[in-house]
Structures are given as C-alpha cells and as structure tokens.
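Note on naming: letters A, B, ... go to the chains in the order of the sequence lines (proteins, then strands), and numbering restarts at 1 for each one.
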There are 2 protein chains.
Amino acid sequence: MTAEPLLLITDDDLLAQRWQDLAPSPLRARGIDGLDAWRAAGHRLVLVDLGCARGGTAPVWTRPAWQRNASGLAILAASSTPDDDEGLAVLNAGASGYCHSHAPADTLRQALDVIASGELWVGRALLSRLLRLVDTRLPRTGLADWATPLTEREREVAQLAAVGDSNLSIALALGITERTVKAHLKAVFEKLDLSDRLQLALRVHGVR
Amino acid sequence: MTAEPLLLITDDDLLAQRWQDLAPSPLRARGIDGLDAWRAAGHRLVLVDLGCARGGTAPVWTRPAWQRNASGLAILAASSTPDDDEGLAVLNAGASGYCHSHAPADTLRQALDVIASGELWVGRALLSRLLRLVDTRLPRTGLADWATPLTEREREVAQLAAVGDSNLSIALALGITERTVKAHLKAVFEKLDLSDRLQLALRVHGVR
DNA sequence: ACGCCACCTGTCCTCGTGGACAATACAGAA
DNA sequence: TTCTGTATTGTCCACGAGGACAGGTGGCGT
C-alpha cells in the first residue's frame with residue numbers, strides 16, 4: 001500500500017501539506033528538476049502537481065527533465081483544474097496517471113498503488129469519455145484476423161503465449177499439462193505459419 | 001481492501017478455485033442470473049467470467065439479467081481471451097472493469113478495490129491503446145522511450161532481436177560474434193528490467 | 001458404426017537462450 | 001595517468017522450446 005518511496009512535486013505549500021500523509025515519509029520538491037536525482041536514487045513513484053509554474057512557461061511535461069525520465073518513472077499527474085485534453089497530453093507524454101490534485105486522500109493513495117504496480121490510472125470521468133469517443137469510431141478488424149483459423153483452446157493458449165507466459169505457466173493457468181500446451185502451440189504455429197512464440201506475439205499484437 | 005462481499009460468476013471450476021482467495025468468503029454462481037439476488041441482498045461487487053456460455057448464445061452483457069442490474073453494480077468482467085473490442089463492448093454495457101481472467105491475484109484484487117471505490121478499471125494494454133487511438137500524434141514518445149538508457153550498439157541488437165532474429169543472425173548482420181550479441185542483450189535485459197527477448201519485443205513495439 | 005476433429009497426454013531428442021565467470025582492447029574523463 | 005565505460009570474445013552450464021515420434025478420449029455428422 002504505497003510502501004514505495006514517494007516524491008511530491010508542487011510549489012503549493014498547502015497542497016504539499018495535504019499530500020504529506022500519502023506515504024510514510026514522502027520527499028518534497030518544488031520543481032520538476034528533482035526527477036533526475038529521484039530516479040538516480042533508484043526510486044520510481046512520483047506525484048506531480050501540474051500547477052507548477054503553469055502560467056507563461058511551457059507545460060511541465062514538455063520540459064527536458066520530464067522527457068528524460070518519464071519512461072522509467074511511475075508518475076501520477078495531478079491538476080487542480082482537470083481538463084480532458086490536458087490529461088490526454090500528459091498521459092501521452094509518459095505519465096502513468098492523471099487525477100484531481102485535491103482528490104480525497106484515499107483516491108490518491110489508490111491511484112498511487114495502481115501506478116506503482118505498473119498499471120495506468122485514469123479517473124472515471126476521463127475514462128468514460130475515452131470509451132465513448134472510441135465507441136463511435138470503432139477500431140478496425142482486430143481479432144478475427146489471426147484468430148480465425150484457430151480453435152477456441154488454441155486461441156487461449158496463443159493469447160497467453162503472446163504476452164510472454166511460459167508453457168508451464170500457461171498449463172497451470174488453463175489446468176492442463178505442459179505437454180498439451182506444446183501440442184496446441186504446435187498447431188498454432190502450423191496454422192499461422194509461424195516459427196516460434198515471438199513471431200506469434202508480433203502477429204497477435206499487430207506488428208507488421 | 002476488498003472487504004466488500006464478492007460474487008464470483010463462472011462455470012469454470014478451475015477458475016472459481018483460482019478466484020477463491022480474492023475475498024474473505026466470496027459467493028459462487030454459475031450463471032449470470034445470480035445478479036438479481038445479489039443486488040437484492042444489498043451487495044454490489046461482482047467478478048464475472050465472460051467465458052460463461054459464450055459460444056452460440058448472445059454475449060453475457062446483452063442478457064436481461066445483466067441489463068437490469070449493471071447500473072447499480074460494480075462489475076469486473078474477465079475474459080480468458082481478452083480482446084479490445086470485447087472490452088469496449090462490455091464497458092459500454094455498464095461493467096466497471098475489464099481484465100484477463102487468469103491475471104495474477106494481486107492484479108485482480110487491485111482491480112476489485114478500484115471498482116469497489118466507484119472508479120473504472122481498464123488494463124494497461126487496452127488503456128494505452130485507447131489513448132493512442134484518441135490522440136493521433138504519438139510517435140516521438142514511443143521511440144526514445146525504451147531506447148534511452150541503451151548504448152548505440154545495444155539499440156541495434158535490441159532492434160533486431162525484437163523482430164525475432166536469432167542471436168546468430170544478429171551476429172552475422174552486425175559482423176560480430178554470437179557471443180557478443182549475447183553480451184549486448186544481457187545488458188539490454190538488465191537495463192530495461194526484462195526477462196527475455198519476447199518481453200523486449202513487446203516493449204519495443206509498444207505493447208503495454 | 002465409422003471417420004473426422006478437438007482435446008488431451010507421454011517420452012525422447014536437439015537446439016537456442018540466458019546466465020556465470022573471465023578476459024582483452026580502446027576511448028574519453030578525472 | 002588512472003579510471004570508467006563501451007565493445008569485444010571465450011568456455012561451461014542449466015533450462016525451456018519446439019519437433020518427432022506415438023498414442024488416448026469424447027463429440028458429431030454421414
């Protein structure tokens with residue numbers, strides 16, 4: 001539960017006080033440059049107030065310090081005036097989450113837990129808007145392509161293999177023998193004319 | 001922490017067993033009709049396996065029992081063969097979350113926590129795809145992302161490995177020894193915290 | 001009843017992969 | 001000049017993957 005070291009970035013003293021209890025003993029920085037040192041220290045979890053010097057200067061997520069480190073960090077971006085477009089921009093810039101900076105402590109803590117575990121966190125409002133947007137202009141084919149020649153079971157096995165699961169873990173997940181997994185995968189490889197699971201992963205995930 | 005009563009809906013006994021530890025003493029139902037009684041009892045939290053009678057019949061989320069109750073419940077829909085379109089459909093049908101039915105227990109528990117608190121849960125893979133779909137300008141971030149901590153040579157090797165080349169063919173392509181390729185890849189795995197070339201391929205190609 | 005197919009399992013065997021342990025050469029920085 | 005980082009190569013080893021055999025069950029349609 002947010003046991004990981006947390007870095008708070010805001011130049012708003014009141015906000016810093018509100019955030020103080022989110023983790024055992026969070027560190028405080030006023031500028032985004034603290035990111036470099038934070039990452040160098042081997043830490044990942046960051047809560048940054050987008051209100052930091054917003055007026056006038058370029059948005060925080062376009063600064064060098066952000067660009068350099070966003071990839072390796074789990075950054076929860078918080079805004080006191082949440083706005084869907086800002087959320088999209090900051091998420092696309094590598095942040096792991098976007099929320100209201102004055103959200104309840106429980107909500108913030110949960111969001112931090114989620115991004116600390118490697119997932120993404122997007123609030124109800126923005127997320128449901130995303131869903132509505134995508135729903136209107138439905139994506140393209142998707143599944144029917146690689147999955148069509150496969151049986152149900154082969155699809156399941158292929159799906160798991162394509163995200164890097166080993167034969168054994170697939171077997172345990174599906175309650176069958178490792179040998180059987182191999183048999184299914186062999187059929188998958190033949191049907192899709194693939195050489196190994198890496199090629200399968202590329203095919204399943206639409207690479208090329 | 002998922003203290004709320006939880007209803008498991010699946011006709012897969014193995015899955016039910018895997019899910020048994022998600023909450024103190026979860027209830028089990030084999031069909032979606034249990035939803036009515038569950039809501040009548042004043043409960044909200046549900047984990048439903050979309051594999052329930054999928055073949056042939058209409059998708060679970062179009063059945064009457066679902067339509068009647070989805071709004072008042074916090075439903076986490078799980079699929080053994082996750083597919084973006086299915087995810088979108090089920091979320092638009094009122095589910096609060098969509099995930100892989102064989103996801104690690106910790107992940108499932110976290111997802112349940114999130115939807116129990118009234119938020120929505122969408123896995124990293126689907127969510128990042130949503131973001132990409134909505135915001136069409138995304139190229140720069142993806143490129144320098146995984147490559148930043150790597151040296152020039154490591155990047156070259158990683159690039160080739162990520163499209164399925166064997167160590168030997170990479171060696172031939174770069175005019176070095178297979179052993180050297182291994183050394184570079186070892187460094188790549190360490191720097192990017194990856195276990196093998198399949199994970200590398202997924203990272204390089206922006207999956208998750 | 002017979003054949004087809006999906007699903008499941010077993011034992012070998014070969015090979016690529018990734019890690020451990022070790023070493024050389026060369027660049028630029030302190 | 002020493003030191004650190006990059007690039008290079010070597011041997012040995014354990015493990016998983018995939019192929020090549022060779023089966024077993026149950027459903028389903030002709």
Side-chain angles (χ1 to χ4, degrees), chain A residues 36 39-40 42 68 72 146-204, chain B residues 11-15 17 51 53-57 80-81 101-102 146-204:
Chain A
D36 291 318
R39 190 190 192 185
R68 263 199 311 280
W146 60 273
T148 27
L150 304 183
T151 69
E152 187 60 31
R153 207 51 161 168
E154 287 164 354
R155 256 191 288 273
E156 293 180 4
V157 174
Q159 188 73 242
L160 293 172
V163 295
D165 282 20
S166 72
N167 289 340
L168 181 57
S169 72
I170 296 174
L172 294 176
L174 299 182
I176 55 180
T177 311
E178 185 179 359
R179 179 61 191 83
T180 308
V181 174
K182 283 184 169 186
H184 286 310
L185 273 181
K186 181 178 167 60
V188 170
F189 294 149
E190 278 182 12
K191 288 183 179 177
L192 300 183
D193 191 32
L194 299 170
S195 53
D196 52 47
R197 58 211 300 123
L198 203 158
Q199 298 299 329
L200 171 64
L202 297 180
R203 172 77 62 91
V204 167
Chain B
D11 47 14
D12 181 342
D13 291 330
L14 242 108
L15 204 54
Q17 198 179 338
R54 175 153 34 183
T57 357
S80 59
T81 58
S101 51
H102 291 96
W146 58 273
T148 28
L150 305 183
T151 68
E152 188 60 33
R153 206 52 158 170
E154 287 163 355
R155 255 189 289 272
E156 294 178 3
V157 174
Q159 192 75 55
L160 293 173
V163 294
D165 282 18
S166 71
N167 290 340
L168 181 57
S169 72
I170 296 174
L172 295 175
L174 299 182
I176 55 180
T177 311
E178 186 180 357
R179 179 62 191 82
T180 309
V181 175
K182 283 183 165 188
H184 287 310
L185 274 182
K186 180 178 166 61
V188 170
F189 294 149
E190 278 182 9
K191 288 183 179 178
L192 299 184
D193 191 31
L194 300 170
S195 52
D196 52 50
R197 57 212 301 124
L198 203 157
Q199 298 300 330
L200 172 63
L202 297 180
R203 173 77 62 90
V204 167

Whole angstroms only, please: what is the [atom1]-[atom2] distance between [X] and [N]?
{"X": "B:L168", "N": "C:dG16", "atom1": "CG", "atom2": "P", "answer": "8 Å"}
{"X": "A:D165", "N": "D:dG16", "atom1": "CG", "atom2": "C1'", "answer": "14 Å"}
{"X": "A:K186", "N": "D:dA20", "atom1": "NZ", "atom2": "P", "answer": "5 Å"}
{"X": "A:D196", "N": "D:dG19", "atom1": "CG", "atom2": "P", "answer": "9 Å"}
{"X": "A:L185", "N": "D:dG16", "atom1": "CG", "atom2": "P", "answer": "15 Å"}
{"X": "A:N167", "N": "D:dC15", "atom1": "CG", "atom2": "C1'", "answer": "12 Å"}
{"X": "A:I170", "N": "C:dC8", "atom1": "CD1", "atom2": "P", "answer": "13 Å"}
{"X": "B:L198", "N": "D:dA17", "atom1": "CG", "atom2": "P", "answer": "10 Å"}

TODO: For A:K182, answer base if it contacts any base atom (sugar-phosphate contacts may also be present), sugar-phosphate if it contacts only those atoms, and nothing otherwise; contact means non-hydrogen atoms under 4.0 Å.
DONE: base

Within-4.5 Å side-chain heavy-atom neighbours: [X] and [Y]:
{"X": "A:L192", "Y": "A:L150", "value": "yes"}
{"X": "A:L185", "Y": "A:L200", "value": "yes"}
{"X": "B:E154", "Y": "B:V157", "value": "no"}

- [ ] Have a look at the helix from C:dA1-D:dT30 to C:dA30-D:dT1 and give the angle its two end axes make, five pairs each, rounded to 10 degrees.
- [x]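 If I round to tens, the end axes sit 40° apart.
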
Determine yes or no for a side-chain-to-main-chain donor-acceptor pair under 3.5 angstrom, with [X] supplying the side chain and [Y] the backbone.
{"X": "B:R197", "Y": "B:A161", "result": "no"}
{"X": "B:S166", "Y": "B:S169", "result": "yes"}
{"X": "B:R203", "Y": "B:A162", "result": "no"}

- [ ] Using the side-chain contact (heavy atoms from CB on, under 4.5 Å) rule, take A:L160 and A:L174 through it: C-alpha gap first, then chi angles, then the decisive distance, then the call.
- [x] CA-CA 10 Å; A:L160 293 172; A:L174 299 182; 4.1 Å; yes

Task: Distance (rounded to the nearest 0.5 Å) between B:I170 CD1 and B:T177 OG1 - done: 13.5 Å

- [ ] Report the distance from atom CG of B:N167 to atom NE2 of B:H184, rounding to the nearest 0.5 Å.
- [x]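 One gets 11.5 Å once the value is rounded to the nearest 0.5 Å.
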
Open item on the list: So which atom in A:A201 and which in B:L198 form the shortest heavy-atom distance, rounded to 0.1 Å?
Closed with: CB-CD2, 3.9 Å

Task: Under 4.0 Å protein heavy-atom contacts per nucleotide of nucleotides 23-30 of chain C, with B for base, S for backbone only and - for none - done: --------

Open item on the list: Check this for me, if you would: do A:E190 and A:K186 make a salt bridge, where the nitrogen-to-carboxylate-oxygen distance has to be below 4.0 angstrom?
Closed with: yes

Detail all sub-3.5 Å separations between protein N/O atoms and N/O atoms belonging to nucleotides 6-9 of chain D.
| from | atom 1 | to | atom 2 | distance (Å) |
| --- | --- | --- | --- | --- |
| D:dA7 | OP1 | B:R153 | N | 3.4 |
| D:dA7 | OP2 | B:T151 | OG1 | 2.7 |
| D:dT8 | OP1 | B:R153 | NE | 3.3 |
| D:dT8 | OP1 | B:R153 | NH2 | 3.0 |
| D:dT8 | OP2 | B:R153 | NE | 3.2 |
| D:dT8 | OP2 | B:H184 | NE2 | 2.7 |
| D:dT9 | OP1 | B:T177 | OG1 | 3.1 |
| D:dT9 | OP2 | B:T177 | N | 2.7 |
| D:dT9 | OP2 | B:T177 | OG1 | 3.2 |
| D:dT9 | OP2 | B:T180 | OG1 | 2.4 |
| D:dT9 | O5' | B:T177 | OG1 | 2.8 |
| D:dT9 | O5' | B:T180 | OG1 | 3.3 |

